[in-house]
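Below: the structure, in structure tokens.
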Amino acid sequence: MKYWLMKSEPDAFSIDDLAARPGKREHWDGVRNYQARNFMREMKKGDTVLFYHSSCAKPGVVGVAKIVREAYPDSTALDPESDYYDPKSDPDNPRWFMVDIQFQKKYKQPVSLAAMKANPLLDGMRLLKRGNRLSVMPVEAEEFQIIRAMAAE
DNA sequence: GCCAACGTTGGC
DNA sequence: GCCAACGTTGGC
């Protein structure tokens, strides 16, 4: 059982949007970064995901989801109508993958990026490293517990 | 809107 | 295979 963090711009897709989906599930498509893709392929059913809001007034972890379907080819890469279309993608040798996640909970008290930076217990966390731009990354179990405590869960 | 950091592209 | 140019991310 591993822990992950996934970023989403709330203007595009927020944790409330996830909670409002049928079955509270959604495909996590559109990832077009190899490192992020590789992490998604490591994800196992039941793994925990910290849902992070980025590029917004108050970036931070806003809740928790879980992996309900392991990596499978991202169909948007093959769809010319999609914003995520990749003309170099080959249906016989998929390059991009997605997973399905399901809403678990929204934190009553979101854990802001500023709060995480200010917590010495989270020194070294991948998210906080300089220049980090990955939209999908692993989180250590200890880090997850610390964040959970900060959310007063 | 600015800009630092990083990934990707493409010419050579 | 190098590396400059470019595009994107994402905090501020």
Side-chain angles (χ1 to χ4, degrees), chain A residues 2-21 26-43 47-67 71-101 103-140 142-153:
Chain A
K2 290 196 173 178
Y3 299 92
W4 306 93
L5 181 143
M6 290 171 125
K7 295 180 184 173
S8 184
E9 298 186 19
D11 288 346
F13 187 75
S14 72
I15 192 156
D16 292 326
D17 293 327
L18 177 63
R21 284 287 190 270
E26 186 57 283
H27 320 293
W28 205 266
D29 57 20
V31 172
R32 297 291 179 269
N33 170 284
Y34 288 103
Q35 212 179 346
R37 178 204 69 182
N38 293 345
F39 284 137
M40 285 208 300
R41 292 203 291 201
E42 289 178 33
M43 291 174 173
D47 282 0
T48 298
V49 176
L50 289 172
F51 198 107
Y52 180 91
H53 282 175
S54 67
S55 295
C56 56
K58 206 181 173 198
V61 176
V62 292
V64 179
K66 68 177 177 183
I67 302 297
Y72 59 106
D74 181 346
S75 52
T76 64
L78 301 169
D79 175 8
E81 301 297 307
S82 170
D83 289 343
Y84 303 121
Y85 178 58
D86 175 10
K88 286 186 265 184
S89 205
D90 173 4
D92 296 324
N93 185 19
R95 167 190 309 223
W96 303 116
F97 289 78
M98 55 186 173
V99 296
D100 290 359
I101 68 169
F103 175 84
Q104 291 272 100
K105 71 170 71 169
K106 183 177 173 181
Y107 287 151
K108 292 183 195 79
Q109 189 181 316
V111 181
S112 70
L113 178 62
M116 288 189 280
K117 281 182 175 170
N119 190 337
L121 293 173
L122 292 176
D123 280 355
M125 187 179 176
R126 191 172 195 126
L127 175 74
L128 306 180
K129 293 215 170 121
R130 199 172 65 109
N132 173 60
R133 284 176 13 190
L134 269 183
S135 64
V136 177
M137 72 188 80
V139 173
E140 299 298 324
E142 300 76 21
E143 294 166 347
F144 174 79
Q145 296 305 339
I146 291 160
I147 290 166
R148 196 179 172 204
M150 291 169 76
E153 285 294 308

Open item on the list: Quick check on C:dG10: is either OP1 or OP2 less than 4.0 Å from any side-chain nitrogen or oxygen of A:Lys7?
Closed with: yes
TODO: Tell me whether the guanidinium CZ or amine NZ of A:Arg41 lies under 6.0 angstrom from the six-membered ring centre of A:Phe97 and within 45° of its axis.
DONE: yes
Open item on the list: Rounded to whole Å, please give me the gap between CD in A:Glu9 and P in C:dT9.
Closed with: 7 Å
Open item on the list: Rounding to an integer number of Å, can you tell me how far A:Arg126 CZ sits from C:dT9 C1'?
Closed with: 16 Å
TODO: Whole angstrom is fine here: how far is it from CG in A:Leu128 over to P in C:dC12?
DONE: 10 Å
- [ ] Could you check whether A:Lys129 gets within reach of a base, just the sugar-phosphate, or nothing at all, counting any heavy atom under 4.0 Å?
- [x] nothing
Task: B:dC6 OP1/OP2 closer than 4.0 Å to side-chain N/O of A:Tyr34 - done: no
TODO: Tell me whether the OP1 or OP2 atom of B:dA5 has a side-chain N or O from A:Arg130 closer than 4.0 Å.
DONE: yes
Open item on the list: Counting the benzene-type ring for Trp, do A:Phe144 and A:Trp4 have ring centres under 6.0 Å apart?
Closed with: no
Task: Separation of C:dG11 C1' from A:Arg133 CZ (nearest whole Å) - done: 13 Å
Task: Sugar-phosphate, base or nothing in reach of A:Ser55, heavy atoms under 4.0 Å - done: base
Task: N/O (side chain, A:Lys58) to phosphate O (OP1/OP2, C:dG11) under 4.0 Å - done: no
Task: Residues A:Trp28 and A:Asp100: side-chain donor-acceptor under 3.5 angstrom - done: no
TODO: Using whole Å, report how far CZ of A:Phe39 lies from C1' of B:dG7.
DONE: 15 Å
Task: Whole-Å gap separating P (B:dG7) and CZ (A:Arg95) - done: 17 Å
Task: NZ/NE/NH1/NH2 to OD/OE distance under 4.0 Å, A:Asp16 and A:Lys106 - done: yes
Open item on the list: Regarding A:Arg32 and A:Asp86, does a basic nitrogen lie under 4.0 Å from an acidic carboxylate oxygen?
Closed with: no
Task: Whole-Å gap separating P (B:dA5) and CG (A:Asn33) - done: 18 Å
- [ ] Starting at atom CG of A:Leu113, determine the distance to atom C1' of C:dG10, rounded to an integer number of angstrom.
- [x] 10 Å
